[in-house]
Amino acid sequence: MTTSQSSTSENNTIESTKSPLILVDGSSYLFRAYHVPYLQALSTADGQPTGAITGVLNMLGSLKKDYPNGNIIVIFDAKGKTFRNDMYPEYKANRPPMPDELRSQIAPLHEIITAMGLPLLVIPDVEADDVIGTLAKQADEQGMETVISTGDKDMAQLVTPHVRLINTMTNVEMDVAGVSEKFGVRPDQIIDYLALMGDKVDNIPGVVKCGPKTAVKWLAEHGTLEGVIANADKVKGKIGENLREALEQLPLSYQLATIKCDVELEQSAEQLAASEPDVEALTALYQKFELKRLLADLTKGKTSANNTEVVKAAAPKNSASEVEVIAAEVGESQYDIILDQALFEQWLDKLNSSIAFAFDTETTSVDYMKAELVGLSFAIEAGKAAYVPLMHDYADAPEQLDRDWVLAQLKPLLESTEIKKIGQNLKYDANVLSQYNIEVKGIAFDTMIESYCYNSVATRHNMDALALKYLGYSTVHFEDIAGKGAKQLTFNQIDIEKAGHYAAEDADITLRLHQAIFPALAQSEKPLSVFNDIEMPLLPVLARMEQGGVLIDSDVLDQQSHSLGQRLDELEIEAHNLAGKSFNLGSPKQLQQILFEELKIPVIKKTPKGAPSTAEEVLQELALDYPLPKVILENRGLSKLKSTYTDKLPLMVSPKTGRLHTSYHQAVTATGRLSSTEPNLQNIPIRSEQGRKIRQAFIAPKDHKIVAIDYSQIELRIMAHLSNDKGLVTAFSEGKDIHKATAAEIFAVELDEVTTDQRRSAKAINFGLIYGMSAFGLAKQLNIGRQQAQEYQDKYFQRYPGVLTYMEDTRQQATEQGYVETIFGRRLYLPDINAKNGMRKKAAERAAINAPMQGTAADIIKKAMLAVDQWLLEQNDDRVKMTMQVHDELIFEIHQDIVEETTQKLVALMNNAVELSVPLIAEYGIGDNWDEAH
DNA sequence: ACAGGAACTTA
DNA sequence: GTAAGTTCCTGTT
């Protein structure tokens with residue numbers, strides 16, 4: 001995407017006095033523009049995609065604006081093979097074919113560029129890089145200033161004192177010093193650097209395991225590739241072997257990475273001057289491709305495609321033309337730091353008369369229970385934001401507005417349901433403000449969740465990552481202003497000027513992200529409804545659960561820690577005796593040494609890195625024949641319990657509330673599940689006897705009970721619904737024990753003749769099904785032969801043919817459209833589904849099978865939580881509280897006086913959360929603690 | 001002080 | 001065979 005100069009970016013001097021030669025890497029532009037998410041949806045009424053065209057023209061427009069006197073030449077790759085393929089047939093062999101949506105935009109783009117009067121070069125048998133290199137070299141020899149606009153790092157080899165690169169995305173120029181800074185090598189070493197590393201994408205071989213760090217190190221030592229090759233025998237270790245193995249093909253890699261600078265061109269750079277645009281042809285083309293804004297610019301007499309319109313703060317509408325506007329760049333910005341009442345009131349008026357605004361809180365801690373408010377920032381339109389510092393208290397900090405007065409002024413605004421709030425991870429801000437007695441309402445757009453619903457796996461969803469991906473903008477990082485490590489400052493200690501810029505930028509960028517992501521999300525009906533109807537409404541529900549916390553009995557845990565400690569001491573002594581020496585039981589490395597080298601126990605399995613594994617399953621097997629593994633196993637299990645749970649949980653109780661407050665993360669998992677951290681309440685032990693005891697410390701308050709309600713077999717029920725397999729649907733409809741029913745089918749026995757062992761096998765098969773099983777995996781799980789496992793699997797599909805069809809359909813859908821979806825339309829993209837690497841492809845296929853089930857289950861319990869929360873709000877009875885969610889289970893605290901009827905009501909709400917073609921069954925338990933309730 | 005791997009916990 | 005998070009150790013900053 002184009003970016004005009006941001007007031008925040010540094011050393012970005014643009015030469016406008018001379019007439020530099022501007023070489024545009026059209027193919028790199030095209031590729032980038034095609035992958036900009038919010039451009040992908042653009043098309044004409046009859047379905048011709050135009051997003052890449054729009055993107056490239058925007059970038060060109062921006063370039064023209066930045067270099068008004070520049071002599072622009074646009075270069076594209078020609079179709080077909082190049083001389084590099086002759087040199088090396090596998091060159092770029094891994095590239096997937098160009099998608100039709102992209103291919104169909106090339107010819108129109110060429111036409112438009114030509115009509116604009118820009119020289120366009122498409123030279124067969126070489127790549128655009130080579131043409132650019134040739135022109136740049138010619139210009140350089142004549143001392144002409146040249147700027148190459150590209151996103152391709154390989155071009156760094158072309159940089160000289162007269163030739164600079166400009167990054168298509170960030171608009172940052174890179175000169176000789178810039179290359180050295182960015183890559184750690186000089187421009188004349190770039191080819192050596194690239195050859196050593198190789199290039200996965202282009203299929204250029206390099207030295208195995210040699211990445212940027214190693215390449216830079218070697219080149220710093222030996223100067224050139226030749227130098228490195230000459231000294232290859234001196235390099236030690238595995239990487240030295242890798243280097244020596246690569247010696248023969250390194251010259252080829254070098255050749256492939258070298259941009260050819262002597263392509264025969266018919267015209268020189270000077271001869272390729274721009275001509276006047278052919279307005280008539282341009283008008284026709286813009287009309288044909290429905291490029292409305294460009295058309296409007298044309299009639300207004302503008303010739304460029306500059307995109308400097310200010311985007312309104314209102315929720316963007318869902319239309320193609322609006323989306324085009326949303327492709328706005330991060331441009332000029334103006335940030336206010338509010339220290340006086342008059343300016344504050346001015347902003348307050350504007351906020352009060354807005355229909356939506358972005359805001360962000362700055363605090364002393366990422367832990368919402370400990371955080372103290374330090375300031376607030378706001379943005380109503382892109383580029384204009386304000387920071388209200390409240391509690392900066394470093395020496396000679398300026399006087400700030402009174403916190404309580406400011407919050408009193410803001411309270412009605414923040415609690416208004418009419419004025420919509422935009423934010424990044426608003427649950428955090430809501431939790432913090434709730435400590436100041438402000439209950440934020442009108443929470444409509446959380447950019448983190450927008451990005452997550454749009455594509456859960458394309459990026460992480462923190463603001464820095466989103467700004468980079470969706471705005472091509474690199475934000476000020478917290479560490480840049482606060483430092484890191486032990487010396488990190490808290491926000492109140494940071495200089496107000498610096499803090500103000502950072503904070504205001506946060507609000508500004510959040511607003512711009514919303515303007516970029518939401519329209520893209522709104523292009524697809526179902527993901528939008530997941531956002532609007534599930535995720536955003538859930539946000540305040542989770543906030544309430546987090547703030548409510550859960551009660552634990554620290555004394556019980558302390559006692560358990562003590563007895564676990566004693567047992568661990570015994571085990572340690574026993575282990576040392578068995579080993580004949582003292583060692584650290586927690587160190588897999590020391591354990592390997594003792595087990596496999598000193599005691600000469602046979603190696604069963606290796607870790608991915610090649611070391612002999614001491615994993616649980618291995619020790620389990622060894623424990624049959626040797627005493628030490630058994631001791632280690634018990635030690636490991638118990639020390640995990642002690643360090644993670646019984647020692648740690650009491651320390652995490654909030655002094656303010658006396659309860660444990662987790663964080664639920666709404667934008668982490670690929671499939672739509674929640675995750676929980678600090679502490680993770682979703683992996684509290686249950687399977688082992690010892691582990692269960694930890695649940696006894698999760699207690700109800702006085703006169704209350706713990707009620708746990710969980711969905712029974714929810715994923716298999718979803719499978720029944722999705723596949724509509726007759727046998728599976730019938731089994732559930734008749735309320736059968738599903739594992740038993742499966743066993744009866746597979747082993748061809750009557751239902752009441754199924755043995756425990758058969759049921760166990762059937763259960764493993766059912767689980768395998770949910771996980772996209774292979775016969776191999778099943779064999780391992782059941783400890784049977786592969787053949788046998790394959791027979792079970794065949795039998796299963798024979799008995800439940802609908803399931804087989806469903807799985808085949810899902811794989812196909814994933815392959816064709818690149819994503820799978822839940823019943824409610826939550827999408828999971830599978831970038832590896834067409835991977836060349838068979839392992840990755842297979843893994844993606846399993847994920848594709850599993851995601852609709854796991855994801856639908858997540859959707860269902862989220863809907864149940866919404867229904868429960870709404871009912872709780874209606875009851876307005878503080879004797880009932882929803883405290884935890886563990887994927888298919890909700891946990892409540894309920895006063896003993898109303899526990900029975902309330903539980904029945906909650907079970908009903910969960911059962912009726914959604915309508916499936918099989919019954920949805922929630923089962924409950926009631927007790928004084930979580931163990932009893934489960 | 002931090003990053004990565006191995007191991008262990010859950011649904 | 002799916003999806004997560006935490007702790008400890010180890011080797012590198």
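Letters A, B, ... are given to chains in the order of the sequence lines, protein chains preceding strands, and every chain is numbered from 1. This structure is a prediction, so every number in the text was calculated from the model and none was measured.
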K.L.:
Between B/dC8, C/dT2, B/dT10, spot the one nearest the side chain of A/Q854, thanks.
P.N.:
C/dT2
K.L.:
Checking contacts here: which listed nucleotide (B/dC8, C/dA4, C/dT2) is nearest the side-chain heavy atoms of A/T669?
P.N.:
C/dA4
K.L.:
What is the nucleic acid contact for A/I849, judged by heavy atoms within less than 4.0 Å: base, sugar-phosphate only, or nothing?
P.N.:
nothing
K.L.:
Once you round it to whole Å, what is the distance between P of C/dG5 and CD1 of A/I684?
P.N.:
14 Å
K.L.:
Distance check needed: C/dA4 P versus A/L681 CG, whole Å only.
P.N.:
18 Å
K.L.:
Applying side-chain hydrogen bond (donor to acceptor under 3.5 Å, both in side chains) to A/S676 and A/Q682, what does each step give before you reach the verdict?
P.N.:
CA-CA 6 Å; A/S676 157; A/Q682 294 179 323; 4.9 Å; no
K.L.:
Under a 4.0 Å heavy-atom cut-off, which of residues 638-651 of chain A touch DNA chain B?
P.N.:
A/K640, A/Y645
K.L.:
From the list B/dA11, B/dC8, C/dA4, which nucleotide is the closest neighbour of the side chain of A/H887?
P.N.:
B/dA11
K.L.:
Compare every heavy atom of A/V631 with every heavy atom of A/A575, then report the nearest pair and how far apart it is.
P.N.:
CB-CG1, 3.9 Å
K.L.:
Is the shortest side-chain heavy-atom distance between A/E621 and A/I604 below 4.5 Å?
P.N.:
yes
K.L.:
In this structure, how many angstroms lie between the P atom of B/dA11 and the CZ atom of A/R673, rounded?
P.N.:
10 Å
K.L.:
Check every strand shown and say whether A/E715 touches a base, only sugar-phosphate, or nothing at a heavy-atom separation below 4.0 Å.
P.N.:
nothing
K.L.:
Would you mind reading off the distance between A/I694 atom CD1 and B/dT9 atom P, rounded to a whole angstrom?
P.N.:
10 Å
K.L.:
Do you see a donor-acceptor pair shorter than 3.5 Å between the side chains of A/T614 and A/R636?
P.N.:
yes
K.L.:
Run the side chain to side chain contact (heavy atoms under 4.5 Å, CB included) check on A/L890 and A/I861 step by step: do they pass?
P.N.:
CA-CA 8 Å; A/L890 295 176; A/I861 198 160; 4.0 Å; yes
K.L.:
With a 4.0 Å cut-off on heavy atoms, is A/Q590 in touch with a base, just the backbone sugar-phosphate, or nothing at all?
P.N.:
sugar-phosphate
K.L.:
So what does A/N584 hit on the nucleic acid, given a heavy-atom distance under 4.0 Å: a base, only sugar-phosphate, or nothing?
P.N.:
sugar-phosphate
K.L.:
Is it true that A/E932 and A/R695 have a side-chain N and a carboxylate O under 4.0 angstrom from each other?
P.N.:
no
K.L.:
Nearest of C/dT10, B/dA11, C/dT6 to any side-chain atom of A/N680?
P.N.:
C/dT6
K.L.:
Rounding to an integer number of Å, can you tell me how far A/Y711 OH sits from B/dT10 P?
P.N.:
23 Å
K.L.:
Does A/K842 reach a base, just sugar-phosphate, or nothing at all? Heavy atoms under 4.0 Å.
P.N.:
nothing
K.L.:
Select base, sugar-phosphate, or nothing to describe what A/L778 touches, counting heavy atoms under 4.0 Å on all strands.
P.N.:
base
K.L.:
Of the non-hydrogen atoms in A/Y428 and A/V366, which two are nearest, and what is the gap between them?
P.N.:
CE1-O, 3.4 Å
K.L.:
Sugar-phosphate atoms are those with a prime plus P, OP1 and OP2; base atoms are the rest. Using that split, label each nucleotide of nucleotides 1-6 of chain B B, S or - for protein heavy atoms under 4.0 Å, 5' to 3'.
P.N.:
-S---S
K.L.:
When all nucleic acid strands are considered with a 4.0 Å heavy-atom cut-off, which category describes A/A851: base, sugar-phosphate, or nothing?
P.N.:
nothing
K.L.:
What is the distance from CD1 of A/I861 to C1' of B/dT10, rounded to the nearest Å?
P.N.:
14 Å
K.L.:
Quick check on C/dT6: is either OP1 or OP2 less than 4.0 Å from any side-chain nitrogen or oxygen of A/N683?
P.N.:
no
K.L.:
Can you confirm whether more than 12 heavy atoms, excluding those of A/E678, are under 6.0 Å from its CD atom?
P.N.:
no
K.L.:
Under 6.0 Å between the ring centres of A/Y796 and A/Y800?
P.N.:
yes
K.L.:
With no hydrogens and no angle check, just 3.5 Å: does a side-chain donor-acceptor pair link A/D931 and A/Q696?
P.N.:
yes
K.L.:
Rounded to whole angstrom units, what separation is found between the CG atom of A/L830 and the P atom of C/dT2?
P.N.:
13 Å
K.L.:
Less than 4.0 angstrom between a side-chain N/O of A/R687 and OP1 or OP2 of B/dT9, yes or no?
P.N.:
no
K.L.:
Given C/dG1, B/dT10, C/dG5, which nucleotide is nearest the side-chain atoms of A/F776?
P.N.:
C/dG1
K.L.:
Could you tell me how far apart A/Q592 (CD) and C/dT10 (C1') are, to the nearest whole angstrom?
P.N.:
12 Å
K.L.:
Heavy-atom distance under 4.5 Å between the side chains of A/Q812 and A/Q817, does that happen here?
P.N.:
no
K.L.:
Checking all strands, does A/A775 fall into the base, sugar-phosphate, or nothing category for heavy-atom contacts under 4.0 angstrom?
P.N.:
nothing
K.L.:
When you measure from the side chain of A/D888, which nucleotide among B/dT10, B/dA11, C/dT10 comes out closest?
P.N.:
B/dA11
